[in-house]
Structure formats: C-alpha cells, structure tokens
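Worksheet for the structure shown next.
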Amino acid sequence: MKAGKDKVIAIHYTLTVDGEKVESSHDHDEQLWILLGHGQLIPGLETALEGHEAGDTLSVDVAAADGYGERQEGQVQRMSKKYFPNASRLKPGMVTVLKLKDGGQRAVTVHKVGMSAIDVDLNHPMAGKTLHFDVALGEVRDATEEEIQHGHAHAPGADAH
C-alpha cells in the first residue's frame, strides 16, 4: 500500500540542520504515527512521503519555503512575562512555547528578557533553514473513519477518544 491522503503511516526519522542532529524518533525508540493529508507534517516532508510503501527509506532535503517558511524581519514582539510559565528561567536565545488565545501553541525564540516583559522572535526557530530528514517507513495503512474525523492517527494500543 502506498502512502497518500487519508493513509496512516508509522515512521522513524532523524532531522538534521546544517549537519547537526536536531531530533530523532530513535531517541525515544517510538515510531511517529501520522495521518497524511491533514496538516500534521510540514508540506515538503509530506509530499516526499507520498507514494512510498512500508519498508522504504528515504533522505529528504526540505527547503525553508516547504518547511517552516522564510525568516521574516520585524517579527520581534514584546509580551508580558505572565504569558510565560517559566519566565524567570528564560534567557536570550532559548526557545519556548507561547500559548495562543485559540488554544494552540507557537514556538518562539527569546530575544531579550526585561523586568516585566520578554521580547520574543515570532519566527519559528527553524524558519529560513533547509531541513534534512532521514526517514524509514514502518507501516502504511488506511485510516479509520474515527481517525479521519479526529484529524490525526491513533497508534496501536493508544486509547481512542
């Protein structure tokens, strides 16, 4: 079976940027379960996975435009420390998660820490970078109706909700 929209895939991956390992599913020894076609992956990686089958391995370079976008100047914003649960521990250059009003989250980079406010760069920390993925597909299957309704894959043994 080939990977594509409304298919669930299980992958192991390693992400490197500028020759440095950023993250890997091998560190946790757990595959990542993805429902393709539902915005769970950056576009460049999802496109590269389409048409592949269980057992395939691939190396993919994803340009910034197909990853987290190009860096945009003027994206530094001052925010009250109350929006950061660990504000006292934050230092310039650190990446933290900002909770959004709509319930979502956004990764931001700390630019400056003041007495009552923190300046953050709203560009994603990987914006403007070419991402290199080494991927091994462990499984490809049809998504269940429930997974399609929920918009994400359910790993085997995980409690459905």
For the side chain of Lys91 and the backbone of Val113, is there at least one donor-acceptor N/O pair under 3.5 Å apart? no
Could you pull out the closest heavy-atom pair between Ala3 and Leu49, with the gap in Å? CB-O, 3.4 Å
Nearest heavy-atom neighbours spanning Leu35 and Gly151: CD2-C, 3.6 Å
Under a 3.5 Å distance rule, please check whether Asn123 uses its side chain to pair with a backbone N or O of Gln72 as donor and acceptor. yes
Can a donor-acceptor pair be found, under 3.5 Å and without considering hydrogens, that links the side chain of Glu139 to the backbone of Ala10? no
For Arg141, does the CZ atom have more than 12 heavy-atom neighbours from other residues, nucleotides or ligands under 6.0 Å away? yes
Under the side-chain contact (heavy atoms from CB on, under 4.5 Å) rule, what do Met79 and Leu98 come out as? Steps first, then yes or no, please. CA-CA 10 Å; Met79 306 189 76; Leu98 181 63; 3.6 Å; yes
Under 4.5 Å between side-chain heavy atoms, hopping through other hydrophobics if needed: is there a path connecting Leu45 to Trp33? no
So if you build clusters from Ile, Leu, Val, Met, Phe, Trp, Tyr with side-chain heavy-atom gaps below 4.5 Å, do Ile11 and Met1 land together? yes
Closest contact, heavy atoms only, Glu147 versus Ala143: OE1-CA, 3.4 Å
Are side-chain N/O atoms of His38 and Asp6 paired as donor and acceptor at under 3.5 Å? yes
Would you say Glu46's side chain and Leu36's backbone share a donor-acceptor pair under 3.5 angstrom? no
Between His132 and Asp18, does the side chain to side chain donor-acceptor pair (under 3.5 Å) criterion hold? Intermediate values first, please. CA-CA 8 Å; His132 178 80; Asp18 299 328; over 6 Å; no
Go through Val22 and Met126 one step at a time and tell me if the side-chain contact (heavy atoms from CB on, under 4.5 Å) criterion holds. CA-CA 10 Å; Val22 175; Met126 296 287 171; 3.3 Å; yes
Minimum heavy-atom separation for His152 and His154, please, with both atom names. NE2-NE2, 3.4 Å
Using only atom types and a distance under 3.5 Å, with no angle test, would you say the side chain of Gln75 pairs donor to acceptor with the backbone of Leu122? no
Full working for side-chain contact (heavy atoms from CB on, under 4.5 Å) between Ile42 and Asp66: CA-CA 7 Å; Ile42 57 173; Asp66 295 322; over 6 Å; no
Roughly how far, to the nearest 0.5 Å, is OG1 of Thr16 from CD of Glu23? 11.0 Å
Identify the two heavy atoms, one from Val76 and one from His111, that lie closest to each other, and give their separation to 0.1 Å. CG1-CD2, 3.9 Å
Aromatic ring centroids of His28 and His26 under 6.0 Å? no
Within one Ile-Leu-Val-Met-Phe-Trp-Tyr cluster: Tyr68 and Leu32, side-chain cutoff 4.5 Å: yes
Plane angle bin for Tyr13 and Phe133 - parallel if under 30°, tilted between 30 and 60°, otherwise perpendicular: tilted
Hydrophobic cluster identity match, Leu41 and Leu137, side-chain contacts under 4.5 Å: yes
Return the minimal non-hydrogen interatomic distance between Val95 and Pro125, and the atom names on each side. CG1-CG, 3.6 Å
Using 0.5 Å steps for rounding, measure from the NZ atom of Lys112 to the CD1 atom of Ile118. 12.0 Å
Shared ILVMFWY cluster between Tyr83 and Val120, side chains joined below 4.5 angstrom? yes
Is it the case that more than 12 heavy atoms not belonging to Lys5 sit under 6.0 Å from its NZ atom? yes
Crowding at CD, Glu30 (>12 non-hydrogen neighbours, <6.0 Å): no
For the NZ atom of Lys82 and the OG atom of Ser116, what is their distance to the nearest 0.5 Å? 11.0 Å
